[in-house]
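See below for the structure under consideration.
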Amino acid sequence: MTPNLSVLFLLAVSAPASFAQKPSFTVGWSVYAGWTPYFYLNKAGILKKWADKYGITIKVQRFDYAPSLDAFVAKNIDACTMTNMEALDMPAASGVPTTSILIGDYSNGNDALLVRNGLQMKDLPGKKLLLVEKTVSEYLFDRAMTLNGMRDQIKKVRLINTSDSDIATAFLSDSSASATVTWKPMVSQIAKQKGIASLFNSSQIPGEILDLTVVRTDVLAKPDGQKFAKALSGAWYEILGMMSAKSPGTDKILAVIAEGSQDTLDSYKEQLSTTKMFYTPQSAVEFGASADLKKKMDLVRQFCFDHGLLGANTKSVDDVAIRYPDSSVQGKADRVRLVFDLSYMKMAAAGKL
């Protein structure tokens with residue numbers, strides 16, 4: 001073999017290794033104070049930096065909320081921002097085991113039941129109420145009615161399924177709709193209008209509406225999937241550290257995050273004021289390891305079962321089980337569909353990502 005041919009041969013042999021594609025993953029997010037940081041993570045290149053560290057590629061995709069859940073269940077995306085309720089019911093009903101790797105926050109006033117014309121809770125039966133059905137909006141409404149002694153009246157309220165991207169305009173333009181349940185920033189947009197009042201909000205059920213980043217359990221079972229989770233976690237706590245820093249540049253960062261929902265800095269800061277953010281991994285780990293989490297999730301799973309959200313063939317609330325960080329299981333041990341995994345947050349807390 002001549003020297004030139006030898007060089008060509010070596011190049012041909014080494015080319016596949018040199019140009020091999022990195023493992024690629026996609027995370028989906030939708031507009032919410034605790035999830036919009038993903039806009040900044042993508043825009044500022046922070047997520048790319050962490051993905052490069054682990055030799056992978058991470059794509060970021062924005063959705064309306066319900067379509068993001070559909071994409072996750074269809075396995076079109078690998079990770080998604082969603083609440084604890086949707087992490088349990090949507091994937092479980094479709095046979096997609098799910099693992100929560102990041103507990104970002106809980107809604108502490110962001111979700112609310114709003115009414116017009118001075119209506120009270122007792123007036124809602126027979127009235128039209130707009131919300132995104134089968135989500136925490138319906139859960140919040142159920143809890144509001146139950147805690148006000150009106151559980152037996154819930155089915156008398158006419159629930160109208162409405163997309164989160166349309167709900168503010170739909171409610172404000174439709175005077176026949178007496179009430180709505182939604183979340184900020186839509187709550188803030190609606191509440192600014194004359195004659196609108198809040199009857200109930202998530203600060204009255206603290207810790208029950210959790211906002212998570214979840215990954216399909218089958219993705220995490222692979223080494224590259226674990227790299228994906230580590231990269232997401234590293235990037236997440238980098239931006240949360242920037243958001244919580246008391247520095248001259250903090251407002252600039254928050255203003256860019258607000259752009260992700262076409263919002264203003266003042267509006268976004270107002271949303272954060274009613275969001276209990278777990279800015280440090282230590283605080284998220286403490287909540288995730290608490291007995292309180294199990295109590296809250298028991299309420300959520302019972303609601304899901306009562307409303308037929310755990311799948312048509314689910315005969316018992318225990319047929320869809322939850323595994324907690326202490327290895328305890330709510331439900332049947334061979335039917336675990338949602339896992340709370342603190343390991344990535346613990347790595348972040350220990351500086352081991």
Going hydrophobic residue to hydrophobic residue with side-chain gaps under 4.5 angstrom, can you get from [X] over to [Y]?
X	Y	answer
Met347	Leu102	yes
Val339	Leu232	no
Leu220	Val336	no
Val329	Phe340	no

With rounding to the nearest 0.5 angstrom, report the [atom1] to [atom2] distance, [X] to [Y].
X	Y	atom1	atom2	value
Asn76	Thr26	CG	OG1	9.5 Å
Tyr139	Thr146	OH	OG1	9.0 Å
Ser261	Lys184	OG	NZ	13.0 Å
Ser247	Lys252	OG	NZ	10.0 Å
Thr264	Glu270	OG1	CD	9.5 Å
Ile154	Leu129	CD1	CG	11.5 Å

Does the distance from a Lys or Arg side-chain N to an Asp or Glu carboxylate O, for [X] and [Y], drop under 4.0 Å?
X	Y	answer
Asp341	Arg323	no
Lys227	Asp224	yes
Asp306	Arg151	yes
Lys332	Asp319	yes

* Looking at Phe278 versus Trp236, is the centre-to-centre ring distance below 6.0 Å? -> no
Please report the shortest heavy-atom distance between [X] and [Y], naming the atom on each side.
X	Y	value
Tyr106	Gly207	CD1-N, 3.4 Å
Val214	Ser100	CG1-CA, 4.0 Å
Leu342	Val285	CD1-O, 3.8 Å
Ile103	Met345	N-SD, 3.5 Å
Ser233	Ile101	OG-CD1, 4.2 Å
Ala179	Leu113	CB-CD1, 4.2 Å

* To do: Dump the intermediate steps for side chain to side chain contact (heavy atoms under 4.5 Å, CB included) on Cys304 and Met85, then the final yes or no.
  => CA-CA 8 Å; Cys304 291; Met85 184 183 122; 3.5 Å; yes
* Asked: Between the side chains of Gln271 and Asp263, is a donor N or O closer than 3.5 angstrom to an acceptor N or O?
  -> yes
Flag side-chain contact, heavy atom, 4.5 Å: [X] against [Y]:
X	Y	value
Tyr65	Ser68	yes
Val115	Leu124	yes
Trp29	Val31	yes
Phe303	Asp89	no
Asp164	Trp183	yes
Lys128	Ser176	yes
Phe171	Ile196	yes
Met242	Ile253	yes

Show me the donor-acceptor pairs, under 3.5 Å and distance only, between side chains in residues 44-57 and residues at least two apart or in other chains.
| residue | atom | partner | partner atom | Å |
| --- | --- | --- | --- | --- |
| Lys48 | NZ | Asp52 | OD2 | 2.8 |
| Lys49 | NZ | Glu238 | OE1 | 2.8 |
| Lys49 | NZ | Glu238 | OE2 | 3.0 |
| Trp50 | NE1 | Glu238 | OE1 | 2.8 |
| Asp52 | OD1 | Lys22 | NZ | 3.3 |
| Lys53 | NZ | Leu353 | O | 2.7 |

Using atom types as modelled and distance alone, determine if a side-chain donor or acceptor of [X] lies under 3.5 Å from a backbone N or O of [Y].
X	Y	answer
Ser163	Ser165	yes
Asn161	Glu133	yes
Arg116	Lys194	no
Thr169	Asp166	no
Gln302	Asp298	no
Asp326	Ser328	yes
Arg62	Gly260	yes

* To do: For Thr275 and Asn110, run side-chain hydrogen bond (donor to acceptor under 3.5 Å, both in side chains): C-alpha distance rounded to whole Å, both residues' side-chain angles, the deciding distance at 0.1 Å, then the answer.
  => CA-CA 6 Å; Thr275 309; Asn110 270 337; 2.3 Å; yes
* To do: Take atom NZ of Lys294 as the centre, draw a 6.0 Å sphere, and report whether it contains more than 12 heavy atoms from other residues, nucleotides or ligands.
  => yes
* **Pair listing, side-chain hydrogen bond (donor to acceptor under 3.5 Å, both in side chains) test, anchored in residues 211-221, at least two apart** => Tyr32-Asp211, Tyr38-Thr213, Thr99-Thr217, Arg216-Asp218
* Structure fact -> Only residue of Lys276, Arg301, Arg143 satisfying salt bridge (charged side-chain N to carboxylate O under 4.0 Å, His left out) with Glu208 is Arg143
* Quick one: which of Thr182, Val181, Asn201, Val136 gives a side chain to side chain contact (heavy atoms under 4.5 Å, CB included) with Asp111? -> Val136
* Carefully, step by step, assess Lys230 and Tyr344 under the rule side chain to side chain contact (heavy atoms under 4.5 Å, CB included). => CA-CA 6 Å; Lys230 289 178 181 179; Tyr344 300 97; 3.9 Å; yes
* Show your working on side chain to side chain contact (heavy atoms under 4.5 Å, CB included) between Met90 and Val96 and close with a plain yes or no. => CA-CA 8 Å; Met90 288 286 288; Val96 181; over 6 Å; no
* For the pair Asn108 and Ser203, evaluate side-chain hydrogen bond (donor to acceptor under 3.5 Å, both in side chains) and give the outcome as yes or no after the intermediate values. => CA-CA 4 Å; Asn108 199 32; Ser203 70; 5.2 Å; no
* Give the C-alpha distance, both sets of side-chain angles, the deciding distance and a yes or no for side chain to side chain contact (heavy atoms under 4.5 Å, CB included) between Lys296 and Ile209. => CA-CA 9 Å; Lys296 307 296 187 188; Ile209 300 178; over 6 Å; no
* **Non-neighbouring partners of Tyr324 that pass side-chain hydrogen bond (donor to acceptor under 3.5 Å, both in side chains), sequence neighbours left out** => Gln330
